[in-house]
Amino acid sequence: MGRGSTSRSAGAFRAPLLAVLTAVLTVAGCAADGSRAARAPSSSADSPSPQVTSDVDLCASIVTHWSHEVLDGRGYGDYQSMGMSGGQYDILREVVDAARAARRQGERDIGTLMERQAREGCVAWYRSGGPGEGPWR
């Protein structure tokens with residue numbers, strides 16, 4: 001078998017293979033671009049902005065939650081194990097004390113009372129500086 005035999009050289013396969021790969025990648029690239037464009041929102045007005053929880057709202061939520069737990073006898077550990085600061089725990093104790101007094105007097109809607117007092121306590125706490133202010137800064 002000499003130079004003119006029936007075996008093909010590597011160069012003979014290379015050209016058709018490159019053509020097929022180019023065609024496949026071109027088609028795949030177009031499909032990927034089209035599918036990406038179809039998933040993208042048409043304008044920024046179509047997607048809602050993420051909501052940011054204020055410090056007061058977060059404080060009121062935590063204090064209200066744990067106030068219910070403590071009032072119902074399900075509170076556990078100390079304020080740190082509840083994920084609270086010392087200031088939030090002070091508010092919680094005031095809220096629970098008021099809720100217990102209201103319960104003794106026959107008040108029915110203790111939950112609303114607790115939520116209101118937790119919010120008022122957190123608003124006052126953040127108005128006076130909140131965490132990170134004062135001697136422990």
Side-chain angles (χ1 to χ4, degrees):
M1 288 202 194
R3 221 159 153 58
S5 70
T6 59
S7 70
R8 293 187 150 185
S9 68
F13 287 110
R14 201 172 289 152
L17 181 60
L18 286 175
V20 169
L21 283 173
T22 302
V24 168
L25 292 174
T26 302
V27 170
C30 290
D33 287 342
S35 63
R36 219 176 304 133
R39 282 184 261 137
S42 60
S43 72
S44 61
D46 292 341
S47 62
S49 299
Q51 296 294 322
V52 177
T53 304
S54 73
D55 292 338
V56 170
D57 289 341
L58 184 58
C59 172
S61 176
I62 291 169
V63 170
T64 299
H65 169 78
W66 284 110
S67 295
H68 284 283
E69 295 293 312
V70 170
L71 186 65
D72 294 339
R74 294 187 306 254
Y76 67 94
D78 63 357
Y79 67 95
Q80 291 174 335
S81 66
M82 295 180 200
M84 301 175 76
S85 69
Q88 291 168 332
Y89 190 68
D90 291 342
I91 297 167
L92 174 135
R93 289 187 308 191
E94 292 173 11
V95 169
V96 171
D97 288 346
R100 286 180 178 146
R103 182 184 275 177
R104 282 191 299 271
Q105 294 174 358
E107 179 78 29
R108 291 184 164 267
D109 196 10
I110 295 173
T112 302
L113 170 72
M114 292 171 72
E115 289 174 19
R116 181 176 39 86
Q117 288 193 332
R119 175 157 301 280
E120 289 172 359
C122 290
V123 166
W125 186 47
Y126 276 94
R127 187 179 310 129
S128 67
E133 299 296 323
W136 300 107
R137 193 171 194 191

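Quick caveat, the model's predicted, so the values are computed rather than measured.
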Discussion item. So Gln88 and Leu58, do their side chains get closer than 4.5 Å, heavy atoms only?
Written reply: no

Fill in: Heavy-atom closest pair, residues Met114 and Thr64
O-OG1, 4.3 Å

Worksheet item: Which pairs, with at least one residue in residues 50-111 and sequence neighbours excluded, count as a disulfide (SG to SG under 2.5 Å)?
Response: Cys59-Cys122

Worksheet item: What heavy-atom pair brings Ala118 and Val63 nearest, and what distance separates the two atoms?
Response: CB-CG1, 3.7 Å

Worksheet, complete the sentence: Across all chains, not counting sequence neighbours, the side chain to side chain contact (heavy atoms under 4.5 Å, CB included) partners of Ser54 are Val56, Asp57

Discussion item. In the structure I gave you, are the side-chain heavy atoms of Met84 and Gln80 within less than 4.5 Å of one another anywhere?
Written reply: no

Worksheet item: Listed by chain and number, what are the side chain to side chain donor-acceptor pair (under 3.5 Å) partners of Arg116, not counting sequence neighbours?
Response: none

Worksheet item: Which atoms form the tightest heavy-atom contact between Leu113 and Ala102, and what is the distance?
Response: CD2-CB, 3.7 Å

Discussion item. Show me the pairs that pass salt bridge (Lys or Arg N to Asp or Glu O under 4.0 Å) and involve residues 74-91, at least two apart or across chains.
Written reply: Glu69-Arg74, Asp72-Arg74, Asp90-Arg93

Worksheet item: Could you give all pairs that pass the ring pair (Phe, Tyr, Trp, His ring centres under 6.0 Å) test and reach residues 80-111, with sequence neighbours left out?
Response: Tyr79-Tyr89

Practice prompt. Please list, chain by chain and in numerical order, all residues satisfying side chain to side chain contact (heavy atoms under 4.5 Å, CB included) with Asp55, sequence neighbours excluded.
Written response: Tyr126

Discussion item. Working note: Val70 + Arg100, criterion side-chain contact (heavy atoms from CB on, under 4.5 Å); need CA distance, chi angles, decisive distance, verdict.
Written reply: CA-CA 10 Å; Val70 170; Arg100 286 180 178 146; 3.9 Å; yes

Item to complete: Not counting sequence neighbours, which residues clear side chain to side chain donor-acceptor pair (under 3.5 Å) with Thr112? List them please.
Response: Asp109

Worksheet entry | Results of side chain to side chain contact (heavy atoms under 4.5 Å, CB included) for Ala98 - residues two or more places apart only | Gln117

Practice prompt. Give a yes or no on whether the backbone of Met82 and the side-chain of Trp66 come within a donor-acceptor separation of less than 3.5 Å.
Written response: yes

Discussion item. What's the separation between atom CD1 in Ile62 and atom OG in Ser67, rounded to the nearest 0.5 Å?
Written reply: 11.0 Å

